[in-house]
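All heavy atoms count here, side chains included; hydrogens, waters and symmetry mates do not. Numbering of ligands and ligand atoms starts at 1, following listing order. Index from 1, following the sequence.
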Amino acid sequence: RKSNPMPNFKGTRFTNAHETLIWASKSEKSKYTFNYRAMKTLNDELQMRSDWLIPICGGQERLKRNGTKAHPTQKPEALLYRILLACTKPGDVVLDPFFGTGTTGAVARRLGRDWIGCERESVYCEVAEERIAAALPLDESAIKTMQSPKSAPKVAFGQLVEAGYLNPGTKIFDRKRNFEAVVRADGSILCGAVDGSIHKVGSTIQNAPSCNGWTYWHYAAADGALKPIDDLRQTYLLATEP
Ligand SMILES: C[S@@+](CC[C@H](N)C(=O)[O-])C[C@H]1O[C@@H](n2cnc3c(N)ncnc32)[C@H](O)[C@@H]1O
């Protein structure tokens with residue numbers, strides 16, 4: 001959705017205020033990339049919705065040639081940023097067959113992705129080449145994003161305790177603060193008379209067959225808000241991944 005669409009000057013139809021993205025894979029069985037966790041983080045810990053509100057390209061970002069717009073439909077970098085962050089990994093090759101001013105290439109370069117662009121107008125090719133040459137790639141550590149637990153390397157809760165992310169003696173809680181447990185030096189937790197791993201204690205106190213302790217248990221952040229201990233695991237992974 002465009003937050004500032006061009007008006008329909010003649011007043012003859014609805015203002016075009018959105019564009020449709022096609023998200024496709026080669027076949028139903030193809031593996032595709034969807035960086036769910038990175039999208040959720042980008043969206044302040046809420047699942048990223050399929051409708052994106054982004055302003056059309058303007059201001060400093062809008063490329064000019066001899067004082068006028070270099071291209072009539074230059075896309076906003078924020079749009080490509082989100083697309084590439086959602087659907088590609090660093091080092092992937094991104095193909096844009098309608099390259100225009102090379103927004104895709106510029107953002108790909110910044111995010112450590114490779115790119116291929118096709119453009120039939122030589123003047124747009126020149127604009128794109130200049131622009132991409134000026135796009136500064138981000139430092140490798142800045143490109144890393146939050147990972148889904150599925151794809152993240154295994155981390156034991158004890159590693160967080162060992163590394164000082166949660167000190168022994170720290171209290172952790174379920175989301176509604178119905179239960180409180182104390183973290184022990186070996187990475188086990190004690191809740192009332194029940195002790196064991198974050199998962200085992202979580203399932204025992206709820207009388208549930210299993211429990212994902214990473215999302216069940218929360219710690220009190222500096223501002224007092226409860227945050228899942230999984231956030232600490234993500235921070236640990238970002239800090240320690242080679
Ligand atoms: C909507 S614009 C792309 C704008 C681009 N995303 C940007 O941010 O600048 C589409 C571009 O595709 C180019 N184009 C259209 N048909 C083409 C073709 N058959 N081969 C190569 N380029 C083509 C046009 O010249 C135009 O620059």
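Proximity to Gln74 (heavy-atom distance under 4.0 Å) selects the following atoms of ligand 1: 7 (C), 8 (O), 9 (O). Near Lys75, meaning under 4.0 Å from any of its heavy atoms, are these atoms of ligand 1: 6 (N), 7 (C), 8 (O). Atoms of ligand 1 lying under 4.0 Å from any heavy atom of Thr101, numbered from 1 in the order shown and given with element: 7 (C), 8 (O), 9 (O). Close approach to Thr73 involves these atoms of ligand 1, each under 4.0 Å from a residue heavy atom: 1 (C), 2 (S), 4 (C).
Aromatic rings from Phe34 and Trp23 are positioned such that their centres are separated by under 6.0 Å. For Trp115 and Phe99, the ring centers sit closer than 6.0 Å to each other.
The main-chain N or O of Gly202 is found under 3.5 Å from a side-chain atom of Gln206 such that the two form a donor-acceptor pair. The main-chain N or O of Asp114 is never found under 3.5 Å from a side-chain atom of Arg109 such that the two would form a donor-acceptor pair.
Heavy atoms of Phe98 found under 4.0 angstrom from ligand 1 belong to the backbone as well as the side chain. When non-hydrogen atoms are compared, ligand 1 lies under 4.0 Å from the backbone of Arg120 as well as from its side chain.
Looking at Arg1 and Asp51, a side-chain N of the basic residue comes within less than 4.0 Å of a carboxylate O on the acidic one, giving a salt bridge. Ionic pairing of Arg131 and Glu77 is present here: one or more N-O contacts between side-chain nitrogen and carboxylate oxygen are shorter than 4.0 angstrom. The existence of a salt bridge linking Arg65 and Glu126 is confirmed by a sub-4.0 Å separation between a basic side-chain nitrogen and an acidic carboxylate oxygen.
For atom 24 (C) of ligand 1, the nearest non-hydrogen atom from the set Arg131, Glu119, Glu121 belongs to Glu119.
With a 4.5 Å cut-off on side-chain heavy atoms, Val161 and Tyr165 do not count as touching.
At a 3.5 angstrom cut-off on N or O pairs, Tyr124 does not count as close to ligand 1. Polar contact with ligand 1: present for His71 (N/O pair, distance under 3.5 Å).
Of the protein's non-hydrogen atoms, the one nearest atom 5 (C) of ligand 1 is Phe99 O, 3.5 Å. What sits closest to atom 8 (O) of ligand 1 on the protein, heavy atoms only, is Thr103 OG1, 2.4 Å.
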